[in-house]
Amino acid sequence: MPSTKLIAIAVCFFAIIASSVANAQSSSTSEYWVSAWSAAVQTQPPFPGLPPVPVFDNQTIRMVIRPTIDGNHLRIRLSNAFGTAPLKIGAAQIAIAGKDSALFPNTNRALTFNGAASVNIPAGASMLSDAVAFDVTSLTEIAISLFVPEMTTASTLHFWGQHETYISTIGDFTAKVEMPIASKTNSWYFLADLEVLASRQTGALVTLGDSITDGAGAKQGDYTDWPDLLANRLAHERQLPSVAIVNEGIGGNRILYDGAGVNALARFDRDVLAQPGIVDLIVLEGINDIGWPHMKPRKLPDGTTPREAPFAHQLVVANDLIAGLTQIIERAHQHGIKVYGATLTPYEGADYYTADGEATRKDVNQWIRTSGVFDGVIDFDAALRDAEHSGRLRADYDSGDHLHPSAAGYKAMAASVDSKMLRASAAPLKMP
């Protein structure tokens with residue numbers, strides 16, 4: 001029989017092994033992936049007057065983004081959602097952004113995909129990069145460089161980015177601090193999100209909406225859209241749990257019909273439910289559903305004017321929008337996501353304003369405020385409206401088109417959000 005001493009040694013040995021395994025498991029489950037930045041992917045809007053869809057060929061695309069939470073490991077998600085053929089990326093790198101298209105020296109790291117430098121993404125699919133050690137500081141600009149080695153149409157993009165994108169001359173410049181620039185655009189290409197490993201105290205909030213959420217009119221690089229301004233607020237409230245702000249607005253988007261981007265119900269799974277770490281959702285959408293059917297006909301490229309606008313037969317009433325918003329609430333609640341309803345902002349004087357549309361807007365807002373189906377209400381209408389004329393934006397909050405807020409208006413929107421209401425959702429998540 002083994003001696004008592006040997007038994008004691010064996011017990012100690014297995015106790016040490018068990019403790020090591022437990023500590024490793026605890027470490028692996030104490031953090032999880034959270035979306036720190038994202039943009040809703042779409043095709044280029046089919047509107048007259050826009051530049052042609054870009055085509056890349058043996059060129060580097062350098063995009064600048066601004067994550068909204070900290071992390072020390074990251075990965076990116078590339079998307080070929082609207083491509084009809086495989087998307088080949090020859091190389092990808094990430095770095096701290098410098099001035100304009102330049103990188104901050106000695107900060108770039110190569111990104112790999114299952115250990116390989118290049119990746120082929122099937123049509124309709126997305127692909128995560130491998131995790132890489134990289135210190136991400138909230139609100140610090142990050143540059144992501146993609147080398148596209150063969151002729152590729154920009155089938156999957158986010159049309160209105162909050163920073164310029166730089167397209168190189170011929171060659172792979174992903175690892176270069178400086179690169180020769182052939183052109184600049186306002187869009188992000190093939191880039192869907194950036195995720196960081198974060199503590200279970202951290203969560204993410206999606207802002208789902210149209211151009212008012214996308215930041216139409218905000219100067220690129222200033223980050224004065226209301227979701228970015230809200231992120232600024234939350235980042236400075238360090239005594240409360242961290243919440244990433246993930247902007248899934250698309251200019252021209254609607255709840256019930258396609259337009260700029262597929263309709264909100266159709267993109268909901270990809271742009272909300274598929275985002276890692278989402279605990280909250282703010283929905284501000286519906287004004288384009290109301291207004292687009294009343295757009296005035298515009299001249300065609302041949303100089304003729306159609307008798308009616310292309311969306312004239314897509315009229316909606318309040319109950320239609322309420323049904324669509326209810327679907328969003330129910331689908332989010334199924335995944336444990338809290339939903340905050342934002343009231344539709346004033347738009348009298350806008351190109352597509354009508355008295356009937358205003359009545360619909362007010363009916364929808366009354367339902368948002370009083371139905372009790374949302375987990376909370378954010379009253380953007382009250383924050384922006386003219387005190388003397390409730391159907392109009394306050395003069396200093398009007399960008400000039402009577403639909404989109406000015407920089408001061410976006411600031412007022414961000415200030416009207418109760419951050420403590422949102423932080424209450426970012427409680428520690430259950431470990432798997």
Side-chain angles (χ1 to χ4, degrees), residues 35 37-47 53 65 76-84 87 121-128 154-162 187-195 204-216 225 227 244-292 311 314 316 320-335 337-342 344:
S35 181
W37 174 91
S38 183
V41 294
Q42 59 184 118
T43 57
Q44 181 151 311
F47 301 147
V53 179
I65 64 172
I76 65 171
R77 185 188 307 267
L78 299 180
S79 176
N80 191 23
F82 301 102
T84 57
L87 166 65
I121 305 174
S126 63
M127 196 77 74
L128 286 166
S155 58
T156 303
L157 53 84
H158 182 81
F159 183 70
W160 181 255
Q162 286 301 318
S187 303
W188 290 309
Y189 302 100
F190 311 118
L191 180 62
D193 78 353
L194 181 145
E195 305 169 8
L205 178 153
V206 167
T207 60
L208 182 69
D210 47 43
S211 56
I212 295 175
T213 296
D214 204 14
D225 55 286
I245 302 299
V246 178
N247 190 339
E248 297 292 340
I250 296 180
N253 201 231
R254 294 187 282 176
I255 296 175
L256 301 173
Y257 291 96
D258 293 350
V262 296
N263 66 78
L265 293 179
R267 67 186 182 95
F268 187 76
D269 286 14
R270 178 180 61 241
D271 292 346
V272 180
L273 300 184
Q275 295 292 336
I278 299 301
V279 294
D280 283 340
L281 169 66
I282 297 176
V283 182
L284 172 61
E285 191 143 13
I287 200 67
N288 287 328
D289 293 80
I290 295 170
W292 274 33
F311 313 107
Q314 296 175 350
V316 301
D320 297 326
L321 294 178
I322 289 168
L325 289 168
T326 300
Q327 284 291 309
I328 288 172
I329 296 165
E330 292 294 330
R331 288 160 67 180
H333 281 171
Q334 283 183 329
H335 292 264
I337 299 169
K338 288 188 176 181
V339 185
Y340 301 97
L344 303 180

The residue among D271, V272, L273 that forms side-chain contact (heavy atoms from CB on, under 4.5 Å) with D269 is L273
Which atom names give the shortest non-hydrogen contact between V246 and S38, and what distance separates them?
CG1-CB, 3.2 Å
With side chains defined as the heavy atoms from C-beta onward, is the minimum distance between L256 and L265 less than 4.5 Å?
yes
Can you tell me how far apart CG (D258) and CG (N253) are? Round to the nearest 0.5 Å.
8.5 Å
Between L191 and L78, does a side chain to side chain contact (heavy atoms under 4.5 Å, CB included) hold up when you go through it step by step?
CA-CA 5 Å; L191 180 62; L78 299 180; 4.1 Å; yes
Looking only at non-hydrogen atoms, find the nearest pair between I337 and D280 and report the distance.
CG2-C, 3.8 Å
Rounded to the nearest 0.5 Å, what separation is found between the CD1 atom of I278 and the CG atom of L205?
7.5 Å
Please examine the side chains of P276 and R77, heavy atoms only from C-beta on, and report whether any two atoms are closer than 4.5 Å.
yes
Between S79 (side chain only) and S126 (backbone N and O only), is there a donor and an acceptor less than 3.5 Å apart?
no
Where is the tightest heavy-atom contact between T213 and G209, given as atom of each residue plus distance?
OG1-CA, 3.9 Å
With heavy-atom distances below 4.5 Å as the criterion, would you say the side chains of L281 and I328 are in contact?
yes
Distance in Å, F311 CZ paired with N288 CG, rounded so as to fall on 0.5 Å steps:
9.5 Å
Does the N80 side chain pair with the main chain of I121, one donor and one acceptor, at a distance under 3.5 Å?
yes
Is R270 close to V262 at the side-chain level, that is, under 4.5 Å between some pair of heavy atoms?
yes
Under 4.5 Å between any side-chain heavy atoms of F82 and T156, yes or no?
yes
Here's a test for you: under side-chain contact (heavy atoms from CB on, under 4.5 Å), which of I282, L284, T207, V283 qualifies with Y340?
I282
For the side chain of D210 and the backbone of G252, is there at least one donor-acceptor N/O pair under 3.5 Å apart?
no
Once you measure the plane-to-plane angle for W188 and W37, does it fall in the parallel (<30°), tilted (30-60°) or perpendicular (>60°) bin?
perpendicular
Look at the side chain of Q162 and the backbone N and O of D214, then say whether any donor-acceptor pair between them is shorter than 3.5 Å.
yes
Ignoring hydrogens and geometry, is there a side-chain-to-backbone donor-acceptor pair from R267 to E248 under 3.5 Å?
yes
Between G215 and W160, which heavy-atom pair has the shortest distance, and what is it?
O-NE1, 3.6 Å
Do NZ/NE/NH1/NH2 and the carboxylate oxygens of R254 and D289 come within less than 4.0 Å?
no
F159 and Q42 have their tightest heavy-atom pair at N-OE1, 3.2 Å
Taking the side chain as every heavy atom from C-beta outward, state whether I290 and L321 have any atom pair closer than 4.5 Å.
yes
What heavy-atom pair brings S35 and A244 nearest, and what distance separates the two atoms?
O-CB, 3.3 Å
